[in-house]
S.K.: 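Quick one: this structure, given as structure tokens, is what I'll be asking you about.
Given the structure is predicted, the values throughout are model-derived calculations rather than measurements. Starting from 1, each residue takes its place in the sequence as its number.
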Amino acid sequence: MWPLTRRRAAASGRDPAPSLWAYRLQRLMLTPLFRDALRVGLPFGLAFAAGWIWLGDPERRDMILGHVAEARAVIESRPEFRVDLMAIDGASPDLAADIREVLQIDFPTTSFDLDLGAMQAQVVELGPVKSASLRIRPGGLLQVQVEERVPAVIWRSARGLELLDAEGHPVRPVKARADRPDLPLIAGEGAQAHVPEALALVAAARPLRPRLRGLERIGERRWNVVLDRGQRILLPAEAPRPALDRVIAMDGAEDLLARDVAAVDMRLPERPTLRLNAPALDELHRIRRIEWGED
């Protein structure tokens with residue numbers, strides 16, 4: 001074939017070799033990337049350019065956006081996407097009212113207008129809420145499932161009285177100590193950060209429960225056990241529970257706390273110290289003067 005072609009070209013006086021541009025085009029056509037660009041890239045580029053030019057008209061863009069908005073409105077207005085009610089489970093009436101106030105949902109609405117993630121974050125930010133989950137149930141019901149924090153202690157600080165849970169998280173303010181007489185009282189700055197330790201001390205002080213008035217945090221480092229008649233048990237910063245157990249044992253053996261004692265100082269556990277009230281101290285001095293023959 002090639003000899004015949006070359007003989008015909010020689011007879012006609014024309015060079016049978018391809019031109020430079022024809023040769024380069026043939027070489028490009030042998031490149032897979034170039035062939036793919038012609039087969040896919042060129043049609044896509046032409047279509048994109050045509051669409052860009054067509055959408056360059058503001059009226060056409062507004063027309064398309066209007067059709068999209070109408071289609072979305074039709075879909076959102078369907079009954080299966082409608083939300084009419086909200087149910088709150090696991091919350092007290094006061095907390096349920098706070099949740100409704102925070103969410104501020106105008107019913108009826110659609111599920112497309114409800115950002116459940118953001119709403120859940122709003123609910124969890126409420127102090128009494130430990131955890132919350134939101135879901136839309138069939139029948140147009142928005143269900144809010146709440147796990148409420150359980151108050152464990154009353155914390156008295158410079159800002160007033162506040163209920164805390166067993167981990168020290170704030171639950172809600174309280175007006176008076178008498179509102180929750182079933183809960184132990186802790187006081188002092190920093191006491192809220194040591195609620196588990198305070199509860200352990202309250203449990204250890206069960207034999208003193210009728211006389212127990214609360215725990216007082218001193219210097220944000222240690223506890224005082226406050227009893228009635230102004231008595232106090234001064235506990236050490238380290239290992240307060242064994243020190244309290246020792247005082248309770250001494251009281252059980254010798255009725256220590258039934259005496260006219262102002263405080264039992266256990267800050268040095270190896271050397272307990274008693275602090276007497278003024279009348280008892282005067283009586284002790286009088287007895288010593290008699291023993292020493294001064295009176």
Side-chain angles (χ1 to χ4, degrees), residues 55 58-186 190-196 198-199 202:
L55 291 175
E59 294 183 358
R60 294 194 185 107
R61 290 200 304 270
D62 293 341
M63 179 184 65
I64 293 177
L65 293 176
H67 289 319
V68 172
E70 291 177 2
R72 178 174 179 175
V74 171
I75 294 174
E76 292 180 353
S77 61
R78 293 180 62 85
E80 55 265 32
F81 301 121
R82 183 184 175 100
V83 181
D84 298 308
L85 298 172
M86 178 171 62
I88 302 176
D89 299 327
S92 63
D94 292 339
L95 179 56
D98 293 340
I99 293 174
R100 294 182 185 277
E101 182 178 356
V102 167
L103 295 182
Q104 294 182 350
I105 303 175
D106 293 329
F107 293 105
T109 184
T110 66
S111 58
F112 296 96
D113 295 330
L114 299 178
D115 188 347
L116 298 184
M119 294 165 60
Q120 179 182 7
Q122 288 180 305
V123 174
V124 173
E125 286 180 357
L126 295 174
V129 177
K130 185 175 183 180
S131 64
S133 62
L134 285 78
R135 65 177 61 184
I136 298 176
R137 292 193 173 278
L141 177 65
L142 172 61
Q143 183 180 26
V144 182
Q145 185 68 41
V146 176
E147 182 181 0
E148 190 171 357
R149 297 188 185 277
V150 179
V153 297
I154 300 178
W155 175 41
R156 173 175 288 158
S157 66
R159 295 179 293 275
L161 298 176
E162 189 170 10
L163 298 177
L164 307 179
D165 69 357
E167 298 176 354
H169 295 284
V171 177
R172 66 175 66 89
V174 64
K175 294 181 179 179
R177 172 72 176 96
D179 293 342
R180 292 301 302 267
D182 57 312
L183 298 180
L185 176 69
I186 62 175
Q192 78 281 9
H194 302 274
V195 172
L199 291 175
V202 170

S.K.: Tell me every residue that passes side-chain contact (heavy atoms from CB on, under 4.5 Å) with L85, counting only those two or more places apart in sequence or in another chain.
M.R.: L141
S.K.: Apply side-chain contact (heavy atoms from CB on, under 4.5 Å) to residues I136 and V83 and explain how you reach the verdict.
M.R.: CA-CA 8 Å; I136 298 176; V83 181; 4.1 Å; yes
S.K.: Holding to side-chain contact (heavy atoms from CB on, under 4.5 Å), I want the full list of residues that pass it with A166, two or more places apart in sequence or in another chain.
M.R.: A152, L199
S.K.: Just so I know, are the side chains of L163 and V153 near enough to count as touching, which here means a heavy-atom distance under 4.5 Å?
M.R.: no
S.K.: Could you pull out all residues at least two apart from P93 that satisfy side-chain contact (heavy atoms from CB on, under 4.5 Å)?
M.R.: none
S.K.: Under the side-chain hydrogen bond (donor to acceptor under 3.5 Å, both in side chains) rule, what pairs show up with a residue in residues 138-158, not counting sequence neighbours?
M.R.: D89-Q143, S92-E148, S131-E147, R137-Q143, E148-R172, R149-D165
S.K.: List the residues meeting side-chain contact (heavy atoms from CB on, under 4.5 Å) with D84, not counting sequence neighbours, and say none if there are none.
M.R.: R82, P108
S.K.: What closest approach, in Å, do E101 and Q104 show between heavy atoms, and which atom pair accounts for it?
M.R.: O-CG, 2.8 Å
S.K.: Of the options L103, V102, I88, which is the one that meets V123 in a side chain to side chain contact (heavy atoms under 4.5 Å, CB included)?
M.R.: L103
S.K.: Identify all side-chain donor-acceptor contacts of residues 175-185 below 3.5 Å with residues at least two apart in sequence or on another chain.
M.R.:
residue: R177; atom: NH1; partner: R180; partner atom: O; Å: 2.7
residue: R177; atom: NH1; partner: L183; partner atom: O; Å: 3.2
residue: R177; atom: NH2; partner: L183; partner atom: O; Å: 2.7
residue: D179; atom: OD2; partner: A176; partner atom: N; Å: 3.2
residue: R180; atom: NE; partner: D182; partner atom: OD1; Å: 3.1
residue: R180; atom: NH2; partner: D182; partner atom: OD2; Å: 3.0

S.K.: How far does CD of Q122 sit from CG of D115, to the nearest 0.5 angstrom?
M.R.: 9.0 Å
S.K.: I'd like to know if the side chain of Q120 and the backbone of A132 have a donor-acceptor N/O pair within less than 3.5 Å.
M.R.: yes
S.K.: After noting the C-alpha distance and the side-chain angles of K130 and V150, does the key distance pass the side-chain contact (heavy atoms from CB on, under 4.5 Å) rule?
M.R.: CA-CA 9 Å; K130 185 175 183 180; V150 179; over 6 Å; no
S.K.: Could you state the interatomic distance from CE (M86) to OG1 (T109), rounded to the nearest 0.5 Å?
M.R.: 12.0 Å
S.K.: Under 4.5 Å between any side-chain heavy atoms of M119 and L114, yes or no?
M.R.: yes
S.K.: Mark yes when over 12 heavy atoms from residues, nucleotides or ligands other than R100 sit less than 6.0 Å from its CZ; otherwise mark no.
M.R.: yes
S.K.: To the nearest 0.5 Å, what is the distance between CG (D113) and CD1 (I105)?
M.R.: 10.5 Å
S.K.: Do the side chains of L95 and V129 get nearer than 4.5 Å, heavy atoms only?
M.R.: yes
